[in-house]
Amino acid sequence: MLNLVIFGPPGAGKGTQSEKLIKKYNLVHISTGDLFRAHIGNQTDLGKKVNEIIASGNLVPDEITIAMLREEVQKHPNGSGFIFDGFPRTVAQAEALDSFMNEIGEQISIVVALDVTEEELTQRIALRQKKTGRADDAADKLKKRIEEYFSKTIHVLPYYEKQDKLSKINGIGDIDVIFSDLVKVIDPLVK
Ligand code: AMP
């Protein structure tokens, strides 16, 4: 089974590339951001609990995030593979994911990290702000999330590097070129 982690800062193109990878490799998409947004939209207890944390651009505590992820994975016992998008974001989450995959007799096959510099992301946001002609709240929140990524989440990379599972892919440029770079490192793992 092919189990992928797609990694990168907010705005790196994880969502766009995930969509293409799901189609090509027939994977179950698990995006913790999407799951949290669904909980918030449905006003579940979990949604109410995480609403303010997410609105501020901070990370949701590991305990809550890991429990939600477990539940979601268990909903797909017959999946032909998973793509984890926006998870893990901390080393504790990465460890939990490994032990959880182990429990179900699986493992993470590869971690593809979209490499986009903080400078490029800041420029993308600035450009977006210029286009709309105003500095809106959403852009401010995105900036906070990018800061969270470079201060906290980036530490997950050495965890997978040590396991020899990390592939860094240039995340700047044409969408199809980036996709074909991803396929080049993933294809050899598909039997
Ligand atoms: P995303 O759509 O992946 O950028 O996630 C949106 C927000 O949901 C993040 O800014 C966090 O507040 C929260 N979130 C999503 N995934 C995680 C995670 N793995 N750990 C902690 N918080 C998360």
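The first residue of the sequence shown is numbered 1, and numbering continues consecutively from there. Values below: every heavy atom of this structure, side chains too, minus hydrogens, waters and symmetry copies.
When the side chains of ILVMFWY residues are joined at heavy-atom separations under 4.5 Å, either directly or via intervening members, Ile64 and Ile40 end up in a single hydrophobic cluster. A continuous path of ILVMFWY side-chain contacts below 4.5 Å connects Val190 to Ile83, so both sit in one hydrophobic cluster. In this structure, Met1 is a member of the same hydrophobic cluster as Ile108, with clusters built from ILVMFWY side-chain heavy atoms closer than 4.5 Å. By the criterion of side-chain heavy atoms lying less than 4.5 angstrom apart, applied directly or through intervening Ile, Leu, Val, Met, Phe, Trp or Tyr residues, Ile178 is grouped together with Ile110 in one hydrophobic cluster. By the criterion of side-chain heavy atoms lying less than 4.5 angstrom apart, applied directly or through intervening Ile, Leu, Val, Met, Phe, Trp or Tyr residues, Phe7 is not grouped with Leu182; the two fall into different hydrophobic clusters.
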Could you go through the side chain to side chain contact (heavy atoms under 4.5 Å, CB included) check for Arg145 and Tyr149 one step at a time?
CA-CA 6 Å; Arg145 286 161 57 203; Tyr149 174 83; over 6 Å; no
Which is it for Glu95 and Ile66 under the side chain to side chain contact (heavy atoms under 4.5 Å, CB included) test, yes or no, and what are the steps along the way?
CA-CA 10 Å; Glu95 286 168 350; Ile66 292 165; over 6 Å; no
Apply side chain to side chain contact (heavy atoms under 4.5 Å, CB included) to the pair Asp181 and Val112, showing each step before the final yes or no.
CA-CA 10 Å; Asp181 287 345; Val112 286; over 6 Å; no
Candidate pair Asp45 and His39, rule side chain to side chain contact (heavy atoms under 4.5 Å, CB included), full reasoning
CA-CA 8 Å; Asp45 286 345; His39 275 285; over 6 Å; no
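Under a 3.5 Å cut-off, the side chain of Lys20 and the backbone N or O of Phe179 do not form any donor-acceptor pair. Under a 3.5 Å cut-off, the side chain of Gln93 and the backbone N or O of Phe87 do not form any donor-acceptor pair. The closest donor-acceptor contact from the side chain of Ser109 to the backbone of Leu2 lies at 3.5 Å or more, if one exists at all. Formation of a donor-acceptor pair under 3.5 Å by the Gln17 side chain with backbone atoms of Gly13 is not found in this model. At distances below 3.5 Å, at least one donor-acceptor pair connects side-chain atoms of Asp174 with backbone N or O atoms of Asp176. Without hydrogens or angle criteria, Ser167 side chain to Val185 main chain gives no donor-acceptor distance under 3.5 Å.
With rounding to the nearest 0.5 Å, the separation of CZ in Phe36 from OG1 in Thr65 is 3.5 Å. Rounding to the nearest 0.5 angstrom, the gap separating the CZ atom in Arg37 from the CG atom in Asn42 is 13.5 Å. Atom CD1 in Ile169 sits 8.5 Å away from atom NZ in Lys184 (nearest 0.5 Å). Going from atom CD of Glu161 over to atom CG of Asp164 covers 9.0 Å, rounded to the nearest 0.5 Å. Going from atom CG of Leu35 over to atom CG of Leu69 covers 8.0 Å, rounded to the nearest 0.5 Å. Note that CZ of Phe84 is 4.5 Å distant from CE of Met101, once rounded to the nearest 0.5 Å.
The two residues Ala94 and Pro88 make their nearest non-hydrogen contact at N-CB, 3.4 Å. When all heavy atoms are compared, the tightest approach of Gly15 to Asp85 is CA-OD2, 4.3 Å. The minimum heavy-atom distance between Ala92 and Asp62, with the atom names listed, is CB-OD2, 3.3 Å. The nearest pair of heavy atoms linking Leu114 to Ala12 is CD1-O, 3.7 Å. Counting all heavy atoms, side chain and backbone alike, Val183 lies closest to Pro188 at O-CD, 4.3 Å. Taking both residues in full, the closest heavy atoms of His155 and Val91 are given as O-CG2, 3.6 Å, listed atom of the first, atom of the second, then distance.
Side-chain atoms of Leu59 and Thr153, non-hydrogen and from C-beta on, do get closer than 4.5 Å to each other. Using a 4.5 Å cut-off on side-chain heavy atoms (C-beta onward), Gln163 and Gln107 make no contact. For the pair Tyr159 and Thr90, the minimum side-chain heavy-atom distance is 4.5 Å or more. For the pair Leu97 and Val5, the minimum side-chain heavy-atom distance is below 4.5 Å. Contact check for Tyr25 versus Asp187: side-chain heavy atoms found under the 4.5 Å cut-off. Using a 4.5 Å heavy-atom threshold, the side chains of Pro61 and Ile53 count as touching.
A salt bridge between Lys75 and Glu72 is present, with a side-chain N of the basic residue lying under 4.0 Å from a carboxylate O of the acidic one.
The environment of CD in Glu103 is crowded: more than 12 heavy-atom neighbours from other residues, nucleotides or ligands sit within 6.0 Å. Around CD of Glu52, the count of heavy atoms belonging to other residues, nucleotides or ligands within 6.0 Å does not exceed 12.
The side-chain contact (heavy atoms from CB on, under 4.5 Å) test with Ser18 is passed by exactly one of Leu27, Ile30, Ile6: Ile6.
In this pair, Phe82 and His76 present their aromatic rings perpendicular. The plane angle is above 60°, beyond the 30 to 60° band.
At a cut-off of 3.5 Å, with distance as the only test, a side-chain donor of Asn58 or Ser56 sits close to an acceptor on the other residue.
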